[in-house]
Amino acid sequence: MEKKLMHLFEAQQFDLNTIDALFSLATSLEENPQPVLRGKIMATLFYEPSTRTRLSFESAMLRLGGDVISTENALSVSSAVKGEPLEDTIRIVSMYADVIVLRYFESNIAERLLPIASVPIINAGDGAGQHPSQALLDLYTIHRELGRIDDITVVMVGDPKHSRSVHSLAYLLGKYKNIIINFVAPEELQIADDLLTYLDGHGVQYTKTHDLTAAIGEADVVYRNRLQKERFESETLYEKYKEMYLIDVPMASRMKQGAILMDPLPRIGGITTEVDVLPQAVYFKQARYGLLIRMALLAHMLA
Ligand code: CP
């Protein structure tokens with residue numbers, strides 16, 4: 001039985017029945033969008049930049065008949081500039097909107113906001129923490145493009161340490177059977193031990209390597225993510241690794257038949273434009289699936 005989500009802060013909140021229900025809803029809304037959220041208002045509060053997440057949530061809300069109020073650059077144009085704490089901003093915006101979609105620059109926002117939340121809050125990325133709606137759309141992309149989620153090998157290449165998309169997707173994959181994840185990164189950017197402990201507890205096999213050339217041919221899914229420059233301790237470290245994992249046509253051609261190349265985007269220095277026409281390149285479709293998944297999520301939480 002599907003479990004109705006009040007808030008969405010982390011990917012572990014989804015159970016398999018709810019994921020299945022959200023996927024069915026996303027697919028039916030693609031074919032037959034309904035104005036089920038007429039009269040509802042969504043506030044998007046973004047303290048970090050975004051193209052896909054904010055605009056796809058806003059488009060999703062409008063397509064479902066709802067309305068949107070938005071602060072796209074909260075750190076410079078909201079009362080955060082005057083020093084207003086996040087908790088007070090959430091208290092206020094909760095009086096103006098039926099749901100809040102929040103991107104914030106620090107992780108663990110659930111601890112701060114759960115005690116005061118009076119309307120549903122969706123975490124749209126909290127620092128280097130999580131990005132659960134991204135993980136759901138990533139999983140939906142795998143489901144749509146591969147036709148299965150169990151029994152897959154996923155190469156996650158780039159910056160597993162800082163990427164909230166990688167963290168959330170790894171947590172979600174932990175709910176499926178016979179999953180192998182190969183984290184490809186230099187040691188300084190490798191995945192944190194707490195997530196590996198979670199994978200151990202959920203029967204996910206994993207490996208860590210820095211060698212993409214050796215790993216890429218084993219993957220059913222290659223999940224590329226950019227180096228998160230804004231979270232690096234030093235510019236020197238970023239410069240050292242920024243072009244380490246360029247996926248060009250020769251590298252993409254090492255992927256096995258039927259495998260898919262995903263990226264939460266932006267692609268920044270990671271995938272050459274010549275790769276876009278290859279059959280394995282699904283990253284633009286992935287962004288479109290994000291619209292469907294966010295429609296389903298809003299309808300599920302609010303309708
Ligand atoms: N994938 C993603 O979160 O993109 P944006 O930063 O553009 O929202």
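Note that the structure is predicted; figures quoted are calculated from it, not measured. Count residues from 1 along the sequence. Atoms within each ligand, like the ligands themselves, are counted from 1 in listed order.
Under a hydrophobic clustering in which Ile, Leu, Val, Met, Phe, Trp and Tyr are joined whenever their side-chain heavy atoms come within less than 4.5 Å, directly or via other members, M295 and I100 fall into different clusters.
In terms of modelled atom types and a separation under 3.5 Å, the side chain of D220 and the main chain of I152 share no donor-acceptor contact.
Between K161 and E188 there is no salt bridge, since none of the side-chain N atoms of the basic residue sits less than 4.0 Å from a carboxylate O of the acidic one. With respect to R144 and E30, a salt bridge is recorded, a charged nitrogen being found less than 4.0 Å from a carboxylate O.
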Sub-3.5 Å pairs, protein N or O with ligand 1 N or O:
residue  : atom  : partner : partner atom : Å
ligand 1 : 1 (N) : Q134    : OE1          : 3.0
ligand 1 : 1 (N) : P264    : O            : 2.8
ligand 1 : 1 (N) : L265    : O            : 3.4
ligand 1 : 3 (O) : T53     : OG1          : 3.0
ligand 1 : 3 (O) : R103    : NH2          : 3.1
ligand 1 : 3 (O) : H131    : NE2          : 3.0
ligand 1 : 4 (O) : R52     : NE           : 3.1
ligand 1 : 6 (O) : R103    : NH1          : 2.9
ligand 1 : 7 (O) : T51     : N            : 2.7
ligand 1 : 7 (O) : R52     : N            : 3.0
ligand 1 : 7 (O) : R52     : NE           : 3.3
ligand 1 : 7 (O) : R52     : NH2          : 3.0
ligand 1 : 8 (O) : S50     : OG           : 2.6
ligand 1 : 8 (O) : T53     : N            : 2.9
ligand 1 : 8 (O) : T53     : OG1          : 2.6
ligand 1 : 8 (O) : R103    : NH1          : 3.4
ligand 1 : 8 (O) : R103    : NH2          : 3.4

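By the side chain to side chain donor-acceptor pair (under 3.5 Å) test, K242 pairs with E239, sequence neighbours left out.
Remark: aromatic rings of H202 and Y198 are close, center separation under 6.0 Å.
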